[in-house]
Every structure is written in C-alpha cells, then in structure tokens.
Amino acid sequence: MDTRPDPGHVLSADRPGRFGPYGGRYVPEALIAALDELDREYTAAKQDPLFQADLTNLLTTYTGRPTPITEAARFGAEAAGGARVLLKREDLNHTGSHKINNVLGQALLTKRIGKPRVIAETGAGQHGVATATAAALMGLECVIYMGEEDTRRQALNVARMRLLGATVVPVTTGSRTLKDAINEALRDWVTNVATTNYVFGTVAGPHPFPTLVRDLQRIIGVEARQQVLDLTGKLPDAVAACVGGGSNAIGIFHAFVDDPEVALYGFEAGGDGVATGRHAATITAGSPGVLHGARSYLLQDDMGQTIESHSISAGLDYPGVGPEHAWLKDSGRASYEPVDDADAMEAFRLLCRTEGIIPAIESSHALAGARRLGERLGPDATILVNLSGRGDKDVDTAAKWFDLMDESGEVAP
Amino acid sequence: MTTTVAFEKARAEGRAALIGYLPAGYPTVEGSITALKAMVEAGVDAVEIGLPYSDPVIDGPTVQAAVEAALKAGTTTADVLRVVEAVAATGAPAVVMSYWNPLQRYGAAAFARDLAAAGGSGVITPDLTPDADDTWIPAAREHGLDTVFLVAPSSTDDRIAMTTAACRGFVYATSVMGVTGTRDQVGDAAAGLVARTKATTDLPVAVGLGVSNGAQAAEIAAYADGVVAGSAFVRRLLEAADHAAGVASVAELAADLAGGVRTR
C-alpha cells in the first residue's frame, strides 16, 4: 500500500476520518473499541516493513499485480468518439475484480490483530468471493452476508464462496440487497467483535474503513498513472470509474487528485433513469446524511429513511456512497454523473464486440461514461477507464437483457 | 415528571426503576399509544418510544419486524411526537429512542424544540456517541432534554467517563455485546459494566438488552438503578391474536417486570 501522507485538503485534521463535513463515526458504542483497535493496528502496519512486504508479495504472486493497461483502440474509434481509451485491467486480478486488493490487506490485518474469524457484506458477490478467497488462503473462518435478492441475481458467486469454504447467509430483511447485508454484518460484528474482524468492502462505513480501504485500493491509480505516462508520455485528460460505494473509483482517482489537469469522473448507476426514482445515483440525486456509520450523500426521504436503490448491477445497487467521494464532489475535484441500465448494457455489448473483453456490468457504467466523455472531449483526448471487474458473473443477466435465452432459461434458437 | 424524578422515586422506595420500550406506529400510531399507556398503568416508571428507522443496526429481528411494519404503515417523525405527547400526558416520563439520521434530517435543534414542546423528557441515541457530532448535545441542553448515551462491555474506562459526562437523566448500559432481543440470561458483563460506570458518575444507570421477565429484572435490579425491557414487549404485540390481546399481554409483562424490580 502507498504510505504517502494524506493530502491536507482531503482529510481534515480536527477529527479523524473526516473528509470535510463527511465521514466520521456514527456507530453503537459497542463497536468503538474494535474500530479503534483496527485503526491502531492499521497505523502500525503502515509503518511496518514486514507487513508491507507480505502484502506486496501477495499482490504480486497471488493476485498478479501489477495489472496491465490495455489500449481499447477499436472501442475508442467505434464507440467513444475516436478518443484514445485505456483500460486499467482490474478484471485480470485473481478472483476477477479489484476487491482482492483490499481484502488481502484486511485479512493480513486480521491475522496481525489475532482474530480467527472474518465477516463481510457483498452485493454482486465480488467482495464476498475475494474475502472467502483470502480467508481460505490464511485459514480464517469466513461468513458472508448477502441480500437474498442478490443471492438470486448472483447465484454463481454464491456457489464460488461456498466452494471456498465460506458460509453465505442470505439476508431477508429490508430491501434484501447490499444495504441490508451491511446492517446484518454490523449486527454480527456487535455480537462477535471479540473474535471477529469485519472486512468492509468499500470506502464507506465508519472510520477507519474509508481511509483503510482507499489506501489499499490506491495501488490501482498509482500503477495506472505511471503506466499511462510510460505509454503516452503524458497524463490522461480524464479518468472514469463506476461508483457504488466507490472503492474502485477512489482507488484509481487518488493518485490523480493532485494533478489538476486530469478530470475525474465517477459514473453512478442510473437504473431505469434518475427521473423514474428507480436508480442508485446517490451523489446525483441524494442528500447529505448518515448511513452505515458515516456522513455522506445518501438516498433518503424527508424523514431520513433510506430509500431503496435500483440498478441492473448488484455491485452498484447501494443507496450510500463513500464520504471521500462526497467531499470530492463538493470540493469540485471530481464530477459524478448517472449512467442508466440501458446505456451501461450497450457499453457492455460494445466492449465485448470491439475488444473481446466481457466486462462486469458495474464497470460497464464506467465504459458508458467513457463513451460520453469521448464524444465530449473529442479524438485528441486520452481517457483512462478503470475496468474494475470481469463479467463472467453477469453472463446470465446479460443473456436475459439481450434476449439470448428464452423464458425457461434455455438458450434461444 | 422527569426521568430524574422517576429514578429518585424508585430509589426512595428502595427499588430499581422500570423502563419499557415500544416503537411508535406499531401496529398503528393509535395502537402504540394504547399499548404504551397500558404499560404505564401496569407499573412502568418511564417509557422509551422508538422512532422507526429503515436501518436499525443495533436491533434484533423482533424490533426490526415491528419497525418495518410501522414504516410500511407510514409512521412519520411527527407521529412519533404525537405518541410522545399522548404518553407524557399520563405523567410518566417519555424518552425517544432514535437513530441519528432521522434526527439530523428533522434537524437537531428543531427536534429538540418539538420534543420538549410535546412533553418529551429526552432522547436515547444508540448510534450516536457523544464525540461523533457537535449538534445534538447543545440542542438538547437548550431545551432541557435528557441526553442518554450508551456504554457497552467493550467500552474503555476513559470512554465510559467521556460518555457519562455527556449524559443527562441517566446512562444506558448495554448488558451484553449484541443486538436487542430477549435472552435467557443477561450477561455477567452487566454488573461489572454498571460498577465501572457508577465509578464515573452520580447519574442513575439503567441496564438494557435481553430483559424478558420479572426474575431477570430482579437480578439486574440488585445492582442497577433501572431496568429496560424492549423486545419482550414488542414480541407480546407481534405474537398476539389481535391488538386488544396484545395490549393485555403487554400490561401483564409490565406487571411481572414491575414485581421484579421490587424484589431486589
């Protein structure tokens, strides 16, 4: 993990874990001791060369880092206004997404703290699979909370987690998606905190998670920035990433925050369209409040009740967003736009056909955003896209979307 | 009556105070008022009125079920204040139990003003520690409301001291590491936590999480100033054949628990 000090304009000093007015810790007192312990151990681990060496070794020999960047020449020419599109290939990580970067670090921290059990929430299942993988590797007991609705949408990932030895608990409360899986994981943590570490999957949640997960995902941008410089001799004009909780986006943004000439774009899940109310565009259409332990933007009604989100992509189907994104938005450093299901699926199709890469539906939102940026910026522009995950898990959803299967799930003639 | 007076009265009688919880709006706004009033008549010294919230992370399945139903029925923050007003009119202190987001959405200052106007005594904030936010405590102080924060078995002595210094009215000690719900046994950690808490404050200390019958209440009353029961009451409403039966069942439990806090 990169240990450069936090830029002062991002993290305010008066309260730990604050990003401007966002972030903080709004949790039951029972969890404070565990969060303090995690913060303490993480701070110590950052300074510990042995921990750094262990993590670097795993990222290299187990995950396969550094991931390459791929020039998507046909996609750029045919689908993105002729712009030069470069893909940061997080889909090539072991387990198929960027989630493993964070999980390996947190699993090492768990070992360092000496707890035998990890829990995690998952939406699309990518974070759950990554956590189950790291738990198997390091001999930790593993329980994954997943909304019942998501266990149906992502049945393949449920099977993967179980193959890896994890217990998958379908969550049947509330909207039965990621939000409720987090609630249930927090309830487990309050109960079992003495033996259990919560491996949080994104840059949301109470301090230290937004900082911890960001630092573990920063490697995406640190690698990509150098790779783009090596390939093109200059920095990209824009960086595009999809934003649910926001971990892959923060991961690629962060190394560019102090490069004012690089525009940062987060693409949120627009679902059926923001105007329909059925979406997950938290920053675009939400308002500041507190969800899952941190102050940030969220989808809420006049009473402060969380509004259920909607997206074809389980990994973006979350009514909150990490607090650092809220601050990047308010400070004007990054821009956030919605991409609806139809545009995301069109970008999905185009990447398959032009580059021979099946992207995750989550990442397809970033690809759709890149198409939009390409049209806007023109053929001289270089756009770096974080291809955060691969689409194998989404083949079923995509086959239905493109009418490749009939009603019974049989392949269409 | 304030919570302070209620605790003093109980202490004068040589017993612990009994606090009963139900969420506002379950099964209806009127229905929750009826049940809370029945609880008071049957011997509860103070009531804790839950403000329904979509993401109640410290609540177990029983409270979740009632709160989800209350929200589906359209319960609003204004409804909660109406329940407070109706129950406070009986003379029993009424405190609201609320997660932070609905409060901050209403506005900390506005909520404190309107709760005080409704006759409410204060707010228990399960996901707001005193050091998390700067707006609630001043707003509550301005309107003379109790600020009841939680201490837990995992709290360090320093955090307990910081927390009790910010409490007014009483301190809420969570008996076990876990979520709300009835338990066969209230943890051994509770007595130790109460002792550690009392070392830092003269405020009454009430113990909650898991209390489901008079015998447990008696056990806790031996070392704590107050006993809080919640899920056990909610379960009585959830499992009753109809609301009248549920209210009768709530009153029966309140009487059992009221006996418990008197047999320390």
Side-chain angles (χ1 to χ4, degrees), chain A residues 14-18 21 23-37 171-175 179-196 205-207 287-296 298-308 319-320, chain B residues 51-61 64-65 67-68 70-71 74-80 98-107 111 125-134 149-156 158-160 162-163 172-174 176-181 189 193 209:
Chain A
D14 57 336
R15 258 205 185 112
R18 285 279 177 180
R25 238 186 217 176
Y26 299 84
V27 295
E29 168 66 20
L31 288 180
I32 297 285
L35 291 167
D36 277 344
E37 176 182 60
V171 175
T172 57
T173 52
S175 62
K179 158 183 104 69
D180 304 283
I182 294 175
N183 290 339
E184 213 49 42
L186 285 168
R187 290 179 188 122
D188 179 314
W189 205 27
V190 167
T191 308
N192 300 303
V193 67
T195 60
T196 300
H207 176 67
S287 54
V290 170
L291 175 66
H292 294 145
R295 185 173 176 80
S296 186
L298 69 135
L299 301 178
Q300 60 182 331
D301 68 13
D302 290 344
M303 264 187 58
Q305 308 294 348
T306 311
I307 296 174
E308 287 178 20
Chain B
L51 193 154
Y53 175 52
S54 53
D55 295 273
V57 294
I58 202 172
D59 283 308
Q64 284 175 47
V67 160
E68 235 178 86
L71 286 174
T75 307
T76 65
T77 306
D79 290 331
V80 176
S98 181
Y99 290 88
W100 177 235
N101 198 50
L103 279 199
Q104 69 87 29
R105 186 70 170 166
Y106 194 95
F111 189 81
T125 47
D127 66 343
L128 187 75
T129 53
D131 54 341
D133 185 274
D134 295 330
F149 297 101
L150 276 54
V151 292
S154 61
S155 302
T156 60
D158 283 351
R159 285 200 61 86
I160 290 175
M162 181 277 291
T163 303
Y172 193 123
T174 52
V176 290
M177 294 299 288
V179 296
T180 61
L193 175 61
L209 290 201

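Here is the naming used below: chain letters follow the sequence lines, and residue numbers restart at 1 for every chain.
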Once rounded to the nearest 0.5 Å, what's the spacing between atom CD of A:Glu29 and atom OH of B:Tyr172?
14.0 Å
Distance col, row B:Ile58:CD1 vs A:Asn183:CG, nearest 0.5 angstrom, shows 12.5 Å
Taking side chain as everything from C-beta outward and backbone as N, CA, C, O, which of these in [X] sits under 4.5 Å from a heavy atom of chain B? Side chain, backbone, both or neither.
X        : result
A:Val193 : side chain
A:Pro288 : backbone
A:Glu308 : neither
A:Arg187 : both
A:Leu298 : side chain
A:Asp301 : backbone

List for me each residue that meets side-chain contact (heavy atoms from CB on, under 4.5 Å) alongside B:Thr76, sequence neighbours excluded, and say none if there are none.
A:Met303, B:Ala78, B:Asp79
Identify, with sequence neighbours excluded, every residue that meets side-chain hydrogen bond (donor to acceptor under 3.5 Å, both in side chains) alongside B:Arg105.
A:Ser287
Keeping A:Thr306 on the side-chain end and B:Ser54 on the backbone end, is there a donor-acceptor pair under 3.5 Å?
no
Just by modelled atom types, is the B:Pro52 backbone N or O under 3.5 Å from a matching donor or acceptor in the A:Gln305 side chain?
yes
Contacting region of [X] [heavy-atom separation from chain A under 4.5 Å]:
X        : value
B:Tyr53  : both
B:Leu71  : side chain
B:Thr75  : backbone
B:Pro56  : both
B:Ser155 : both

Let's test your reading of the structure: which of B:Gly178, B:Ala152, B:Pro153 forms the most heavy-atom pairs below 4.5 Å with chain A?
B:Gly178
Counting heavy-atom pairs under 4.5 Å with chain A, which one of B:Thr156, B:Asp59, B:Thr125 comes out on top?
B:Asp59
Do you know which two heavy atoms are closest between A:Thr173 and B:Gln64, and how far apart they sit?
CG2-OE1, 3.0 Å
For the student: nearest non-hydrogen atoms of B:Ser154 and A:Ala33, plus distance
O-CB, 3.5 Å
Side chains of A:Arg25 and B:Thr129, heavy atoms from C-beta outward: is any pair under 4.5 Å?
no
